[in-house]
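Reviewing the structure listed below.
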Amino acid sequence: MWCKRAKDVLKLMGTVAVCAVAGFALLLAAYALPVAPMVSNMEPSAYTIDQEGIYPQVSTLNGTGQLDNFTDALMLMVAACDYEGPLVQRALLCMRADSGAGNPYFSLYPIYGGKQEAPAVQYVDYARYWHGYLTWLKPLLSIFRYDQIRIIYRAVQLLLIMGVIFLMLRRGLCWYLLPFLLSVLLLSPSLIVQSLQFSSVCMVALAAMLLLLALTDWLKKGFRLPLFFACVGCAASYVDLLTAPLITLGFPLTLLLCLRWRDGVRVHAREFLTLCLCWAAGYGGMWAAKWVLTALLMDPSIFLNAIDAIINRSSMLDESGAAFNYVDMLARNLRYIKDSPLLYAVFALDALYLALAFVRRPSGSAVRGAVLFLAAALLPFVWYLFAGNHSYIHSFFTYRALGVTLFASSCLFVSLGSRHDLPPFPSGGENFKEAKKSAAP
């Protein structure tokens with residue numbers, strides 16, 4: 001038994017190492033692209049961001065939402081940086097130009113806005129993140145402007161959501177479609193696709209759900225499922241700038257619980273915990289791999305920089321150093337969804353299936369099995385506990401972690417209030433309507 005666990009741990013470590021090597025290779029390939037075509041698209045891109053403002057307000061189904069053009073300006077400037085260092089150095093340090101303002105938004109238009117007298121620039125690094133989004137942003141910026149890239153992101157997000165819906169139907173998860181759609185809408189997808197920063201982590205979460213549905217049978221064997229969640233954690237760490245990475249764990253994990261419930265297989269608490277730990281190992285291990293690579297090949301001080309950032313982001317102090325408490329931080333995150341009409345639709349759906357659960361009287365084993373849905377719903381509150389400063393200051397996008405709570409809690413009530421022995425939709429030539437009738441309660 002101990003030998004098997006040791007082998008599994010080695011597999012986990014090897015998987016994270018392979019992801020780190022592959023991620024570094026992809027960054028090298030992205031940085032090998034010529035920068036001149038990217039710079040040529042920066043002038044209209046800088047104009048768009050300058051006209052919108054640093055934190056523009058956007059109307060959504062959930063009320064008024066906020067974009068983060070501060071970070072989008074940073075991402076564009078990292079992508080189009082013309083720093084002429086060695087390839088390895090550029091891929092590890094992720095330099096960007098700065099006009100002396102110390103703020104990427106206020107540096108973007110003066111440097112790239114087409115003014116006759118561009119300011120003198122200095123180059124600053126942002127090495128503690130992988131910036132894996134560059135693997136597609138650099139090629140896209142070589143061809144398209146910022147506003148056009150937003151359209152591409154919108155199409156990609158729509159295709160991913162449609163793919164998840166289609167495969168949920170194929171897997172017989174029609175009962176869980178409404179909780180999924182309501183939870184996604186509460187994340188304000190129309191706002192997400194207008195932000196390079198918000199889109200990256202959401203695309204990882206949707207792609208993970210898509211792969212989980214497509215590879216369900218293959219992932220059942222051996223240690224594949226924990227390694228899959230480790231890879232998802234690696235992907236989140238690779239492309240994200242610490243927005244709402246927990247959705248890349250919570251949404252696929254809740255979907256897995258739905259699949260197991262649908263098949264009449266109870267997920268044990270040990271497996272649930274293993275998957276969470278493997279995701280955390282992938283997320284943290286991928287981040288640590290970047291620091292190790294940078295320290296070995298470039299700058300040993302990266303560890304001090306990273307540790308300072310971790311201490312700061314996990315503290316309960318705001319930008320001015322004033323203390324706040326956990327309840328204050330939760331209140332700041334909840335305010336972005338508390339008045340949404342979609343939230344009341346979620347509550348109505350939960351109430352309906354809770355009533356059905358009382359009528360159908362689920363067995364004790366079914367109730368015990370549903371407890372893991374509750375555990376998944378509580379994951380964001382654990383995340384907020386360890387990322388207090390970040391979740392308080394940046395609540396206008398960290399609130400999206402609460403989408404996991406809404407999705408998992410709704411799936412809990414749906415599981416108890418509906419039959420879980422529904423047949424999956426056919427993959428062959430049966431009539432779709434007949435399959436739909438067979439799935440009816």
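Just so you know, these numbers come straight off a predicted model, no measurement behind them.
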[Y] versus [X], side-chain donor and acceptor atoms under 3.5 Å:
X    : Y    : answer
S415 : W175 : no
D68  : S195 : no
D72  : Y146 : yes
Y392 : H390 : no

Can you tell me if [X] uses its side chain to pair, donor with acceptor, with the backbone of [Y] under 3.5 Å?
X    : Y    : answer
T64  : S59  : no
S340 : L342 : yes
H131 : L241 : no
R400 : L187 : yes
Q157 : R154 : no
S200 : L196 : yes
W287 : R128 : yes
S183 : F407 : yes
N62  : L185 : yes
S391 : A387 : yes

- Query: Yes or no on side-chain contact (heavy atoms from CB on, under 4.5 Å) for M42 and L76, after CA distance, side-chain angles and deciding distance?
  - Reply: CA-CA 8 Å; M42 284 294 285; L76 288 170; 4.0 Å; yes

Any idea which heavy atoms bring [X] and [Y] closest together, and the distance?
X    : Y    : value
C19  : C231 : SG-SG, 4.1 Å
K138 : A79  : NZ-O, 2.7 Å
M95  : C81  : O-CB, 3.3 Å
I311 : S314 : O-OG, 3.3 Å
A236 : T248 : CB-OG1, 3.5 Å
P86  : Q89  : CD-OE1, 2.9 Å

Please examine the side chains of [Y] and [X], heavy atoms only from C-beta on, and report whether any two atoms are closer than 4.5 Å.
X    : Y    : value
L108 : D50  : no
Y353 : C411 : no
L212 : F228 : yes
V88  : L28  : yes
D82  : Y123 : yes
Y31  : L26  : no
D98  : P104 : no
R90  : Y83  : yes

- Item | Other residues, nucleotides, ligands: >12 heavy atoms within 6.0 Å of Y326 OH |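 For Y326, atom OH is crowded (more than 12 foreign heavy atoms under 6.0 Å).
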
- Message: If you count every heavy atom of other residues, nucleotides or ligands that lies below 6.0 Å from E84 atom CD, does the total exceed 12?
- Response: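 Open.
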
- Task: Take T398 and W383, measure what side-chain hydrogen bond (donor to acceptor under 3.5 Å, both in side chains) needs, and give me the verdict at the end.
- Result: CA-CA 10 Å; T398 61; W383 174 266; over 6 Å; no

Rounded to the nearest 0.5 Å, what separation is found between the [atom1] atom of [X] and the [atom2] atom of [Y]?
X    : Y    : atom1 : atom2 : value
L330 : L402 : CG    : CG    : 7.5 Å
D125 : L92  : CG    : CG    : 10.5 Å
R150 : F144 : CZ    : CZ    : 15.5 Å
Y105 : L74  : OH    : CG    : 14.5 Å
L169 : C174 : CG    : SG    : 7.0 Å
E43  : I111 : CD    : CD1   : 13.5 Å

- Message: Between S410 and D350, is the side-chain hydrogen bond (donor to acceptor under 3.5 Å, both in side chains) condition met? List the steps.
- Response: CA-CA 6 Å; S410 293; D350 293 349; 2.9 Å; yes

- When the ring planes of Y55 and F396 are compared, do they come out parallel, tilted or perpendicular, using 30° and 60° as the limits?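 Plane angle over 60°, so perpendicular.
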
- Query: Taking the six-membered ring for Trp, are F373 and Y176 parallel (under 30°), tilted (30 to 60°) or perpendicular (over 60°)?
  - Reply: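 Ring orientation of F373 relative to Y176: parallel.
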
- Please say which of L213, L372, L275 ends up in a side chain to side chain contact (heavy atoms under 4.5 Å, CB included) with L256. L275

- Message: Consider ring pair (Phe, Tyr, Trp, His ring centres under 6.0 Å). Of Y336, F198, Y384, which one does Y399 pass it with?
- Response: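 It is Y336; the other options fail the test.
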
- Among W130, Y133, F24, W136, which residue meets the ring pair (Phe, Tyr, Trp, His ring centres under 6.0 Å) test with Y238?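 It is W130; the other options fail the test.
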
- Item | Worked check of side-chain contact (heavy atoms from CB on, under 4.5 Å) between L277 and L273 | CA-CA 6 Å; L277 291 176; L273 182 60; 4.0 Å; yes

- Task: Please test S395 against N333 for side-chain hydrogen bond (donor to acceptor under 3.5 Å, both in side chains), starting from the C-alpha separation and ending with a verdict.
- Result: CA-CA 5 Å; S395 57; N333 282 269; 5.2 Å; no

- Item | Lys NZ or Arg CZ of K290 over Y129 ring: under 6.0 Å, within 45° |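 No, K290 and Y129 do not form such a contact.
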
- Message: Evaluate Y112 against Y47 for ring pair (Phe, Tyr, Trp, His ring centres under 6.0 Å), listing each step before the verdict.
- Response: CA-CA 9 Å; Y112 296 101; Y47 178 78; over 10 Å; no

- Task: Report the C-alpha distance between C278 and L227 in whole Å, list the side-chain angles of each, state the deciding distance to 0.1 Å, and finish with yes or no for side-chain contact (heavy atoms from CB on, under 4.5 Å).
- Result: CA-CA 7 Å; C278 286; L227 294 181; over 6 Å; no

- Item | Check against side-chain contact (heavy atoms from CB on, under 4.5 Å), V201 and V239 | CA-CA 7 Å; V201 70; V239 306; 5.6 Å; no

- Is any side-chain N of the basic residue among K220 and D217 closer than 4.0 Å to the acidic one's carboxylate O?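 Yes, this pair counts.
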
- Message: Tell me every residue that passes side chain to side chain contact (heavy atoms under 4.5 Å, CB included) with I393, counting only those two or more places apart in sequence or in another chain.
- Response: R313, E319, N389

